[in-house]
Number of protein chains: 2
Amino acid sequence: MTNTQTEENYLKAIYSLSLEETKGVSTNSIAKAMDTKASSVTDMVKKLAQKKLVDHIKYQGVTLTPTGQSIALNIIRKHRLWEYFLVEKLDFPWDEVHEIAEQLEHVSSKALTNRLDQFLGHPKKDPHGDPIPDVHGNVVISKDIRLSDLAKASTGIITGVLDSSKAFLNFLADNNLKLGSKIAVADIYDFDQSMVVLIDEKEKTILSNQVTKNLNINTND
Amino acid sequence: MTNTQTEENYLKAIYSLSLEETKGVSTNSIAKAMDTKASSVTDMVKKLAQKKLVDHIKYQGVTLTPTGQSIALNIIRKHRLWEYFLVEKLDFPWDEVHEIAEQLEHVSSKALTNRLDQFLGHPKKDPHGDPIPDVHGNVVISKDIRLSDLAKASTGIITGVLDSSKAFLNFLADNNLKLGSKIAVADIYDFDQSMVVLIDEKEKTILSNQVTKNLNINTND
DNA sequence: ATAAATTTTTAGACTAGCCTAAAAAATATA
DNA sequence: TATATTTTTTAGGCTAGTCTAAAAATTTAT
C-alpha cells in the first residue's frame, strides 16, 4: 500500500483535472499535465486501476476512487504546507517555491506532516492563496471577493481582474500589482472608499475605488 | 549532471565506508551497506565510473573522485541539516529523525539547503553529534572529550563509555544515560568535581567524578 | 449516415536498477 | 606451489516507466 512518486504525481494531476471536469478526466489531458505521452498515461492508468486508486472505462475517462482521492489530497496538503514553510520561515519569494515543494511533497512521514502543520500554526492557505487540506482531506473552499470588499487590516492575494482593458492592465503593471501579489489593507478613506494598501510587504500605494472594485482577492480567511 | 536518488545513496555509502578504509572500498562492503547484491553494486559502480564520480579498478576497490566526494558531502550536509531541523524546530526525538532525513536529503534545491542552514543558525553538528559539512564540503572533525572535562553551562552528547563493566552500564541505564543522550552541565562542585547535569532536557541528576571520567562526550563545539 | 479527424489503446522496444547463476580473479590454506 | 575458498564480475532476465508506430474506438463534419 505504498506508492511511487510517479504514481503520486499522476493521482495529483487527475485530482486537479477532475476539479475542472464534470465527467471523467481524459487520457490526453493527463498526458498534457504530466508532460508525457498518451500511451504512457494509458499504462499508468491501468496500473492505478489495478491498485483501486482510479476507476477507468476504456475510451471514457478516469475518476479517482475515494482512496485515490484521499492520497491525492494528502500530497496536496504536504505540498501546500511546505510552500507555506518556505515562504514564511525560509523567506523564499512566493513564486519560487513550487518546484521545491514538488519534491518535498513526496516525503512520506505522517508524523513529519503533522508536526510541520503544528509548527506552522495550522495555516489555512498556502502562499498562492490555495486552501490547505486538513489531516482528513477536508478542504475549505472560500470564494474570492473584490478588493473593495476587503476590510481594513485584512490581507489577501490578487487572483484576477474584472476589467481586462489595456489601460487597466498597464496601470496594474506600473504599480507592481500582479497575480499573486499580497495585498494588506492599511487604511480606507471614507469619502471616496479609496484604499491605502501595502503591496507584497514593500510598496505602500493608494488605490481608487475604481481600481479596487476590479480586483479579485483571495483572503487568508 | 544530475544524479538519481539511488546514485546519491551509493555515493554516500562509498564515502562513509572510505572513512574506515585506507584502500578502495570493496564491492561486498558496499553491497552490505546498501542492502543489495554484489552484482548490483558492480553494475552501479560501472555507471558511476562512467560519470567520473568514482574510480574503479576491477577486482580492486572503489574510490570517490573529487566530484563524487563533493556530491556525497553535499548529501550528508543536507541530511544533517534536516535532522537538526526535525529535532530543534519540530521537536522530534533524536532517534526518530534518521529515516525522514534519508528522504529529505535528496531534495535538490541549493537555495533551499542554504536558506535552511541560515534559518537554523548555521549549526555545526547534527543531533547525533556528527559534524555538518559546510557549503564547500568542509567538515570540522572534533575529538570526543570526557564528560569530566566539559565546562559548566556547556552541552554535549554521550558517544561512548570507557568503563564497560556490568555495574557501570547498569548505573547508566538506571539513570537514563544512553548513547546519544544530551547532557547539559548545570553545575560543578569544587570539592569533589561532581557534576549537576540535565539529561535530555528532562532529568536533573548529580554524577560523581568517577562517572563523568568514564563517559565520552561529543560537544556542540 | 458515412467519411474524416481525433482520441485512445495496443504492440513492441528502450533504460534504470535489481536479481540469480555461473565464470573469472584474487586470496588463503595445506 | 597447488588447491580450496572467497570475492568480484559477467551473462541473462525481470519490473517500472517511458517511448514510437500502428490499430481501434469515438467524435466531428459533410
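Below, chains carry the letters A, B, ... as their sequence lines are ordered, and counting in each starts from 1. Because the structure is a prediction, the values reported are computed rather than measured.
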* Asked: Donor-acceptor pair, A:Asn138 side chain versus A:Asp134 backbone, under 3.5 Å?
  -> no
* Asked: Can you find a side-chain donor-acceptor pair between B:Ser26 and B:Asn28 that sits under 3.5 Å?
  -> no
* Structure fact -> Within residues 18-28 of chain B, the residues having a heavy atom closer than 4.0 Å to DNA chain C are none
* What is the distance from CG of B:Asp43 to P of D:dT8, rounded to the nearest Å? -> 15 Å
* Asked: So, B:Asp144 and B:Thr159: side-chain donor and acceptor under 3.5 Å apart, yes or no?
  -> yes
* Of the candidate nucleotides C:dA26, D:dT10, D:dA25, which contains the atom at the shortest distance from the side chain of B:Lys46? -> D:dT10
* To do: Pull out every residue in residues 2-14 of chain B that has a heavy atom closer than 4.0 Å to any atom of DNA chain C, ordered by number, or say none.
  => B:Thr4, B:Thr6, B:Tyr10
* Asked: For the pair made of CE in A:Met44 and P in D:dA16, what is the distance, rounded to whole Å?
  -> 10 Å
* Could you state the atom-to-atom distance from CD1 of A:Ile57 to P of D:dA25 in whole Å? => 16 Å
* Within residues 32-40 of chain A, residues whose heavy atoms come under 4.0 Å of DNA chain C -> A:Ala38, A:Ser39
* To do: Using a cut-off of 6.0 Å, state whether more than 12 heavy atoms not belonging to B:Lys52 lie near its atom NZ.
  => no
* Asked: For the pair made of CD in B:Gln60 and P in C:dA26, what is the distance, rounded to whole Å?
  -> 7 Å
* Give a yes-or-no answer on whether the side chains of A:Lys202 and A:Asn176 include a donor-acceptor pair shorter than 3.5 Å. => no
* Asked: Any idea how A:His79 and A:His98 line up, ring-wise: parallel (<30°), tilted (30 to 60°), or perpendicular (>60°)?
  -> tilted
* More than 12 heavy atoms of other groups within 6.0 Å of A:Gln118 CD -> no
* Roughly how far, to the nearest 0.5 Å, is the OG atom of A:Ser40 from the CG atom of A:Asp35? -> 10.5 Å
* Are the side chain of A:Lys213 and the backbone N or O of A:Arg146 linked by a donor-acceptor pair below 3.5 Å? -> no
* Would you kindly check if the NZ (Lys) or CZ (Arg) of A:Lys89 is within the cone defined by 45 degrees around the ring axis of B:Phe85 and under 6.0 Å from the six-membered ring centre? => no
* Check whether any side-chain N or O of B:His56 sits under 4.0 Å from OP1 or OP2 of D:dT9, and answer yes or no. => yes
* Asked: In terms of side-chain heavy atoms, does A:Glu99 have a donor or acceptor partner in B:Ser109 at a distance below 3.5 Å?
  -> no
